Number of protein chains: 2
Amino acid sequence: MPYSKTHKENSRRRILDSAVKLFSAQGYDAVTLDQVMQDADLTRGAFYAHFKSKQVLYKDAILHAASNGPVATLSDKIDQPALTELIRKYLDMSHVRQEGSPCPLAFLATDVAKQEGEIRETYTQVYKDIVDKVGALPTIKDTDSALAISALMIGGVAVARALNDDELSRDLLKSCRKFVEAFI
Amino acid sequence: MPYSKTHKENSRRRILDSAVKLFSAQGYDAVTLDQVMQDADLTRGAFYAHFKSKQVLYKDAILHAASNGPVATLSDKIDQPALTELIRKYLDMSHVRQEGSPCPLAFLATDVAKQEGEIRETYTQVYKDIVDKVGALPTIKDTDSALAISALMIGGVAVARALNDDELSRDLLKSCRKFVEAFI
DNA sequence: GTCTATACCTCGATAGAC
DNA sequence: GTCTATCGAGGTATAGAC
């Protein structure tokens with residue numbers, strides 16, 4: 001038995017890590033399976049032992065990113081200090097620069113919009129989960145607030161990433177933090 | 001003189017209209033020059049009489065979209081009713097569905113983030129212009145508010161577009177409108 | 001499970017006729 | 001300026017050996 005089960009699971013995890021990193025940085029179309037597999041220290045042919053297609057990889061990568069990104073810290077019984085910490089880490093240049101695990105909602109927003117059913121569905125589920133968790137907090141007045149705050153945070157990161165002026169990006173993130181913190 | 005100057009200008013405008021529509025809907029990589037030219041009722045070979053490359057087309061399409069999208073209504077001497085109207089039209093399902101001219105800031109956000117210098121620069125300039133105009137309004141307290149409100153509106157549209165649940169998208173847009181209108 | 005090799009396809013860009 | 005034709009590069013997915 002030359003390849004153990006843990007070996008395969010380890011390979012799969014490495015592929016997903018690479019996929020999240022590359023898809024978030026370059027978008028679905030610009031990433032090649034060769035890139036992903038090389039980044040995971042494997043060869044292209046081995047890909048199909050783990051995923052049926054590039055589309056399936058993308059869908060699984062969104063879930064993987066949701067489990068590892070900043071929003072994953074939103075457990076079911078999140079408290080106020082944890083939320084404050086999340087806001088601080090989310091609306092930060094290190095997140096925008098993708099130095100840690102990126103939030104798929106912000107990094108893949110317009111990339112998902114052009115995809116088909118299953119991928120959109122996955123994105124939607126991830127979004128719903130987060131809005132539900134934020135909305136369950138005692139300091140959040142209503143669902144309206146949870147929706148608007150999520151849009152503000154996602155939009156802030158998405159725009160900050162597109163700008164080529166670091167100072168403006170920092171100002172934008174700071175303004176978003178101020179706004180959000182005034183509402184929680 | 002078989003081709004007049006207005007004929008060329010007309011062709012160029014048609015190419016740009018098609019480019020804005022297709023890039024906004026599908027993103028940079030998924031759009032082929034063949035698609036753009038067919039949509040503009042021309043053939044692929046004619047493309048290079050108007051633009052040096054696909055990258056240049058993309059950059060010019062961002063400017064074209066900025067001049068025709070909802071934010072174009074923000075003239076230098078915008079007043080309060082015009083702003084209210086802009087918010088209503090921007091955070092609307094018809095905009096999300098790209099039934100009118102789309103706002104490049106929302107539709108191309110993560111698509112621009114992966115591009116190179118000149119394109120990012122163009123996006124940044126378009127964004128700066130809008131923040132400046134919004135910030136100049138008497139009811140906007142400070143630059144912080146202008147930045148946060150823009151992020152909220154762009155994020156709202158970007159996320160609403162990615163979701164596959166129309167009801168949730170509508171709720172999201174409505175929440176964003178409520179939030180923004182409370183601040184202007 | 002992972003590798004090499006390859007079939008098949010599509011796209012950006014160019015060449016040359018009109 | 002616009003057309004047809006084509007080159008060359010690079011992509012997904014598959015086949016078959018180990």
Side-chain angles (χ1 to χ4, degrees), chain A residues 1-62 64 111 114-116 118-119, chain B residues 1-62 64 111-112 114-119:
Chain A
M1 204 191 291
Y3 296 106
S4 66
K5 188 166 182 180
T6 53
H7 181 218
K8 176 166 185 182
E9 283 170 359
N10 187 41
S11 291
R12 181 187 159 90
R13 189 185 42 72
R14 288 211 317 280
I15 294 171
L16 282 171
D17 285 343
S18 299
V20 168
K21 181 173 72 177
L22 292 167
F23 282 138
S24 299
Q26 306 175 26
Y28 180 79
D29 293 299
V31 173
T32 70
L33 295 182
D34 215 21
Q35 273 183 278
V36 174
M37 296 303 278
Q38 279 187 30
D39 193 82
D41 281 317
L42 292 167
T43 52
R44 195 187 341 182
F47 173 79
Y48 294 91
H50 297 275
F51 303 92
K52 189 173 161 279
S53 68
K54 189 182 179 184
Q55 290 266 324
V56 172
L57 173 66
Y58 192 66
K59 176 172 69 73
D60 289 350
I62 292 172
H64 191 70
D111 209 44
K114 72 193 176 199
Q115 298 288 340
E116 297 295 323
E118 263 195 282
I119 292 171
Chain B
M1 203 191 291
Y3 296 105
S4 65
K5 189 167 184 179
T6 53
H7 182 217
K8 175 166 187 182
E9 283 170 359
N10 187 41
S11 292
R12 182 187 158 90
R13 189 184 43 72
R14 287 209 320 278
I15 294 171
L16 282 171
D17 285 342
S18 300
V20 168
K21 181 172 72 176
L22 291 167
F23 282 138
S24 299
Q26 307 176 23
Y28 180 79
D29 292 299
V31 173
T32 70
L33 295 183
D34 215 20
Q35 273 183 277
V36 174
M37 295 303 278
Q38 277 187 32
D39 193 82
D41 283 317
L42 293 167
T43 52
R44 196 185 342 177
F47 173 79
Y48 295 92
H50 296 274
F51 302 94
K52 190 171 161 280
S53 68
K54 190 182 179 184
Q55 291 266 322
V56 171
L57 172 66
Y58 192 65
K59 176 172 67 72
D60 288 350
I62 293 173
H64 192 69
D111 208 46
V112 165
K114 70 191 180 205
Q115 297 287 341
E116 297 296 322
E118 262 195 283
I119 291 170

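Remember, it's a predicted structure, so these values are computed and weren't measured experimentally. So that the names make sense, note that chain A is the first sequence line, chain B the second, and so on, each numbered from 1.
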(request) Whole angstrom is fine here: how far is it from CZ in A/Phe51 over to P in D/dT14? (result) 16 Å

(request) Using whole Å, report how far CD of B/Gln38 lies from C1' of D/dT2. (result) 15 Å

(request) Could you tell me whether the side chain of A/Arg14 and the main chain of A/Ala40 form a donor-acceptor pair under 3.5 Å? (result) yes

(request) Could you say whether B/Ala46 or A/Tyr48 is positioned toward the 5' end of DNA chain D, judged by the nucleotide with the nearest heavy atom to each? (result) B/Ala46

(message) Checking contacts here: which listed nucleotide (C/dG12, C/dT2, D/dT2) is nearest the side-chain heavy atoms of B/Lys54?
(response) C/dG12

(request) Hey, can you tell me if A/Tyr58 and A/Phe23 have their rings parallel, tilted or perpendicular (30° and 60° cut-offs)? (result) perpendicular

(message) Tell me whether A/Arg13 is salt-bridged to A/Asp17, with the criterion being a basic N under 4.0 Å from an acidic carboxylate O.
(response) yes

(request) Can you tell me the distance, in whole Å, between the CD atom of A/Glu9 and the P atom of C/dT2? (result) 12 Å

(request) To the nearest Å, give me how far apart CZ (A/Phe47) and P (C/dT2) are. (result) 13 Å

(request) Provide, to the nearest angstrom, the distance between the CD atom belonging to B/Gln35 and the P atom belonging to C/dG12. (result) 9 Å

(request) Would you check if A/Lys114 and B/Asp111 make a side-chain contact, meaning some heavy-atom pair closer than 4.5 Å? (result) yes

(message) Distance check needed: D/dT14 C1' versus A/Leu33 CG, whole Å only.
(response) 13 Å

